[in-house]
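One structure is given here, and the rest of the page talks about it.
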Number of protein chains: 2
Amino acid sequence: MSFNDLISGALTSTGKVRNEPVQARSSERIGALLDAASAVVAEVGIERLTTAMVAERAGASIGTVYRYFPDRIAVLGAMSLRGFERFLRASVDLLESTKPTTMDAAFGCLIDAAVQMHRTEPGFTSIRLSDQIALPEVDGGTAASARVAGPLAEIFAAEFDIADDGTLADRLDIALTMVDALLVRAFIIDPQGDEDAIAACRAVVTAYL
Amino acid sequence: MSFNDLISGALTSTGKVRNEPVQARSSERIGALLDAASAVVAEVGIERLTTAMVAERAGASIGTVYRYFPDRIAVLGAMSLRGFERFLRASVDLLESTKPTTMDAAFGCLIDAAVQMHRTEPGFTSIRLSDQIALPEVDGGTAASARVAGPLAEIFAAEFDIADDGTLADRLDIALTMVDALLVRAFIIDPQGDEDAIAACRAVVTAYL
DNA sequence: CCCGCGATGATCGAGTTCCGCTCGGTGACG
DNA sequence: CGTCACCGAGCGGAACTCGATCATCGCGGG
């Protein structure tokens with residue numbers, strides 16, 4: 001599941017793109033615009049991000065920004081969505097390489113992946129994963145979380161026996177919500193990630209399982 | 001501790017007011033402005049709130065908004081702070097009336113209070129309590145969270161034996177962060193508050209303690 | 001096979017609209 | 001009648017539009 005797969009569908013207002021890109025350079029443009037948005041968010045915060053800053057940093061013009069995104073908020077939404085998608089990819093990679101045998105270890109992978117994102121992806125701490133989790137369906141499209149968290153659910157379902165799929169999806173959802181909230185807290189306390197707070201996050205998830 | 005006590009002091013940039021009101025009608029005005037802000041946030045969301053919308057709904061002019069708040073973000077900050085303060089007052093009231101004897105029951109009171117806030121206060125679901133929790137100190141003033149969560153900490157410290165104050169404050173912080181995130185999730189799933197999700201929130205806190 | 005050429009996609013940026021915020025003038029309270 | 005509160009036109013800047021321009025692609029004839 002690639003980033004383009006994600007943004008080319010009918011998404012909610014946060015994350016929408018105006019036109020599906022056809023030529024290859026367009027995808028690169030979108031990527032560059034989102035990179036620029038991340039950098040700007042990391043520098044000045046979400047509120048003070050302007051579309052002009054994004055355009056300039058991406059080496060594009062204002063018009064180009066608005067070719068791909070209906071408005072300023074959609075840029076932030078797409079950035080947020082991409083961050084979430086990257087986090088999921090990192091999680092899947094980690095799960096597949098370490099092959100945890102306990103639920104606890106599996107969630108440990110998710111936390112490691114999230115911590116890594118906070119440390120390496122500019123602006124990741126400023127966006128709310130919850131904007132992508134538990135999002136109601138819009139105009140007939142599946143909720144972003146369902147489409148995007150699918151790979152995780154599959155891994156967990158294959159590795160661990162859970163009574164039914166709904167329960168598993170819910171528990172994943174709840175766990176991700178907690179991890180996100182607690183890690184954001186950890187990275188607000190300390191920009192490098194407060195170790196005690198991260199440990200507390202692990203403890204909470206362990207207790208929950 | 002009243003709302004005015006909170007906003008009249010030297011606060012962080014979120015929540016600041018421009019002038020301390022002298023005449024009585026001013027306080028009413030501020031209240032009306034914040035009510036308007038809550039309603040607008042509930043309708044169009046934080047990002048799309050404009051100062052003109054707030055002014056119009058409060059029956060005031062643009063100038064009046066800027067008499068009391070230095071900028072748009074300060075309006076949101078004050079609204080957020082008032083919501084947090086109301087939540088704390090409701091929590092303290094519930095704690096004092098039910099006098100729980102277990103940690104679990106005590107946190108149950110907090111959750112009840114928060115659920116009540118989500119159900120009755122427009123826009124409460126859109127604001128992040130975390131903006132008030134774990135806020136770093138600014139310009140020499142104590143962090144809003146410390147001043148504001150004091151009453152809670154006192155009750156918990158008086159009722160339950162905890163090794164040291166720091167641990168207690170941290171645990172309260174973590175618990176509130178989780179409760180906030182999980183309840184927001186519950187109210188995103190269902191505007192009236194998804195009962196299963198609320199139950200999940202209680203379960204998580206119970207597991208954590 | 002490749003070269004030219006029309007069609008379509010992508011880009012640009014000046015211009016328009018809207019919004020955050022100021023400030024000087026007017027009314028209300030004490 | 002001084003001070004506090006309020007108003008709202010106006011200013012600056014940011015969000016967003018739109019028609020002109022450039023790049024790329026598909027295709028048919030040499």
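So that the names make sense, note that chain A is the first sequence line, chain B the second, and so on, each numbered from 1.
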Side-chain N,O ([X]) to OP1/OP2 ([N]) below 4.0 Å:
X	N	value
Thr50(B)	dC19(C)	no
Arg29(B)	dC7(D)	yes
Arg72(A)	dA14(D)	no
Tyr66(A)	dC16(D)	yes

Aromatic Phe187(A) / basic Arg119(A) pairing, under 6.0 angstrom, 45° off normal:
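No, cation not above the ring by the 6.0 Å, 45° rule.
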Between Arg171(B) and Phe107(B), is NZ or CZ placed under 6.0 angstrom from the six-membered ring centre and within 45° of the ring axis?
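Pair Arg171(B)/Phe107(B) does not count as cation-pi.
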Nearest-angstrom distance from the residue atom [atom1] of [X] to [atom2] of [N]:
X	N	atom1	atom2	answer
Glu47(B)	dC16(D)	CD	C1'	16 Å
Leu76(B)	dG20(C)	CG	C1'	13 Å
Ile73(B)	dG20(C)	CD1	P	10 Å
Phe69(B)	dC21(C)	CZ	C1'	15 Å
Leu49(B)	dC18(C)	CG	C1'	15 Å
Arg67(A)	dG13(C)	CZ	P	16 Å
Ile62(A)	dA10(C)	CD1	C1'	16 Å
Met53(B)	dG20(C)	CE	C1'	13 Å

Among [options], the one nearest [X] by side-chain distance:
X	options	value
Asp71(B)	dA10(C), dC21(C), dC7(D)	dC21(C)
Thr64(B)	dT11(C), dC6(D), dT17(D)	dC6(D)
Tyr68(B)	dC7(D), dC6(D), dT22(C)	dC6(D)
Thr51(B)	dT17(D), dG20(C), dC7(D)	dG20(C)
Ser61(B)	dT17(D), dC7(D), dT11(C)	dC7(D)

With nearest nucleotide decided by heavy atoms, which residue, Arg48(A) or Ala60(A), maps closer to the 5′ end of DNA chain C?
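Nearer the 5' end of the strand: Ala60(A).
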Positive for side chain to side chain contact (heavy atoms under 4.5 Å, CB included) with Arg202(B), one of Val205(B), Val204(B), Ile198(B)
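With Arg202(B) as partner, side chain to side chain contact (heavy atoms under 4.5 Å, CB included) holds for just one option, Ile198(B).
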Could you say whether Ala52(A) or Gly63(A) is positioned toward the 5' end of DNA chain D, judged by the nucleotide with the nearest heavy atom to each?
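That would be Ala52(A).
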With a 4.5 Å cut-off on side-chain heavy atoms, are Asp35(A) and Arg82(A) touching?
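Yes, side chains in contact.
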Would you indicate whether the side-chain heavy atoms of Thr50(B) and Val40(B) approach each other to under 4.5 Å?
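The answer is no; the side chains never approach within 4.5 Å.
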